[in-house]
There are 2 protein chains.
Amino acid sequence: MTNDYIVKPVYKALQVLLCLGEERREMALSEICYRVAMPKTTTFRYLQTLCACGFVTHDPGTDLYRIGLRLWAIGQLAREPLHLRETALPAMRELRDRFNETVNLGILDGRDIVYLDMVESRRSLRMQAQLGGRDPVYSTALGKAMVAFLPEDRWPEHLPTRLTPRTDASHTTLASLRDDLRRTRERGYGLDDGENEEGVRCVGAPIFDQDGHVAAGVSLSAPAARMNDRALPEAAASVIQTALAISCRLGYRPR
Amino acid sequence: MTNDYIVKPVYKALQVLLCLGEERREMALSEICYRVAMPKTTTFRYLQTLCACGFVTHDPGTDLYRIGLRLWAIGQLAREPLHLRETALPAMRELRDRFNETVNLGILDGRDIVYLDMVESRRSLRMQAQLGGRDPVYSTALGKAMVAFLPEDRWPEHLPTRLTPRTDASHTTLASLRDDLRRTRERGYGLDDGENEEGVRCVGAPIFDQDGHVAAGVSLSAPAARMNDRALPEAAASVIQTALAISCRLGYRPR
DNA sequence: ACTTCTGTTTCTTCTGGCGAAACGCGGAGG
DNA sequence: CCTCCGCGTTTCGCCAGAAGAAACAGAAGT
């Protein structure tokens, strides 16, 4: 079965929907059509159709569009990540309570990670990702931890062809990124050392399912001042331990 | 501006998506195409397209489809009902705490209500709607409370042309339903007396926005044994009071 | 073996998706 | 005042591809 069955108008309209959904704010027609690189007329029609179905809401006062009620509702009802979240939550809480830093659960989606759940530090200064939000695989500990444990011939599926550094610490070449992934695999955890956001350190480890495949990842994030080089080894070991505990609850059997 | 801009394939694919979303379980191709009343080939293509974009996930083992990660993620990020929920929540909690029964917040969406938020009773036997879930306007106190305060020429937008009773207590004719709506408007609250679910009573009142338009509704639900005819007047008065408090926080000015 | 049901593929018709261009409006600047 | 620009909305005609009937392939049951 190949991809011969893509209905082009549907595919393109869904890109419009994704654009609005990921932007997380109201957008104007011009901005949307620029973002999705489609002619204005086409984008306009898709938006009208999306509005007719309740997936998008148009504010006639401002002429801005935003995600609509029906999409919100379906999103609340969707069971997609439910089992994983429930399974991971107890161990995530333990990890959070041990370090009083934020713990994230995420999975791979193309070249991004998507945050499935998070258990936040109780401190004022804490990491706060968005449930359902995304970050690039290559600049996050979560992303690197998951990809590193995939077969190498599957890495290109999750890595960009060109790197857009998010900070001064981000990787700028694919070669250095692949080295980092190999290091990640050897030591068992991925490290985001200010690559996704300046001043933030993050340690991530992969979660395996019952077939031994990478199912998700769990990470501990903190301000760099609190996760310095002395604190890192213990944090890394605990993240690995947490990921393993969750994996076993998913049916994974370590060899 | 009329509805001359509907892109048919997009519209139809979104009906497939709505079908899957509202069903809340995995479905097979045959069942979906029966539900949306489309030819198998067409439905199959739409599903492939929806899968390609991550809105639907196909399980190759079972050949079943379900709502996919990307739709879940957008649903979590969507801000659609956020302001209403935040505004209503404190008053809803007070109402719940006063009666120790479940309080629901919902809005109109076509002929249904959609549950935006809920604050649940702490008792074992309690009402439990689904966040993002739907019920028909005509059989719910929430629905009736909201529609009753719309101009009557807008009632047909929200009422079915033919009634499908959900219980023995449900309305069976449009005439009796319209009488109920007029009564609702006179007394200020809608009553679901076992019409949506047997043995459940529910009182609902409309929430108005700053322009005096119906924005939402709030309701108190309980097992009928606990909300008998002696308890009903006080509950109704409190629900009306809560709705008014929320309305004022939304900028509504009572006359 | 045959039947039934499922999902997948093929082929041809003609609908309507598509986008360039035009239109209308409001705001900013000279 | 006028002109320009940028926005969203509308028009028009071509041909790409959406559409669906029919066939195919496989699995399960009798």
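Here is how names work: the chains are called A, B, and so on, in the same order as the sequence lines, proteins then strands, and each is numbered from 1.
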Whether each nucleotide of nucleotides 10-24 of chain C has a protein heavy atom under 4.0 Å at its base (B), only at its sugar-phosphate (S) or at neither (-) is summarised, 5' to 3', as BB----SSBBBB---
Which whole-number value in Å describes the distance from B:Tyr65 OH to C:dT6 P?
14 Å
Quick one: bend of the helix from C:dA1-D:dT30 to C:dG30-D:dC1 from 5 pairs per end, to 10°?
30°
Could you check how far CG of B:Leu64 sits from C1' of C:dC5, rounded to whole Å?
15 Å
Please state how far atom CE in A:Met27 lies from atom P in D:dG8, giving the value in whole angstrom units.
11 Å
Cationic N near anionic O, under 4.0 Å, A:Glu157 to A:Arg111:
no
Has the side chain of A:Ser170 got a donor or acceptor atom that lies under 3.5 Å from a matching backbone atom of A:Pro165?
no
Distance, rounded to the nearest Å, where B:Ile32 contributes CD1 and C:dT6 contributes C1':
13 Å
Are any non-hydrogen side-chain atoms of B:Val7 and A:Val10 less than 4.5 angstrom apart?
no
Output the rounded distance in Å from OH (B:Tyr34) to P (C:dG7).
15 Å
Do the side chains of B:Glu22 and B:Arg35 get close enough for a salt bridge, i.e. N-O under 4.0 angstrom?
no
I need the B:Arg166 CZ to B:Tyr138 OH distance, nearest 0.5 Å.
6.5 Å
Between atom CG of B:Leu142 and atom CG of B:Asp192, what is the distance when rounded to the nearest 0.5 Å?
9.0 Å
salt_bridge(A:Arg66, A:Glu23) N-O dist < 4.0 Å
no
Looking at A:Ser30, I'd like to know whether one of its side-chain N or O atoms comes within less than 4.0 Å of OP1 or OP2 on D:dG8.
yes
Would you find a donor on one side and an acceptor on the other, under 3.5 Å apart, between the side chain of A:His158 and the backbone of A:Gly110?
yes
Roughly how many Å is it from CZ in B:Phe44 to C1' in C:dT8, rounded to a whole number?
5 Å
Sequence-aligned protein contact record of nucleotides 24-30 of chain D, with B where the base is within under 4.0 Å of a protein heavy atom and S where only the sugar-phosphate is:
-------
Only one of B:Ile107, B:Asp117, B:Leu89 clears side chain to side chain contact (heavy atoms under 4.5 Å, CB included) with B:Leu84; which?
B:Ile107
To the nearest Å, give me how far apart CG (B:Leu47) and P (C:dT6) are.
15 Å
Can you confirm whether the side chains of B:Asp135 and B:Tyr115 place a donor and an acceptor under 3.5 Å from each other?
yes
Rounded to the nearest 0.5 Å, how far does CH2 of A:Trp72 lie from CG of B:Leu77?
14.0 Å
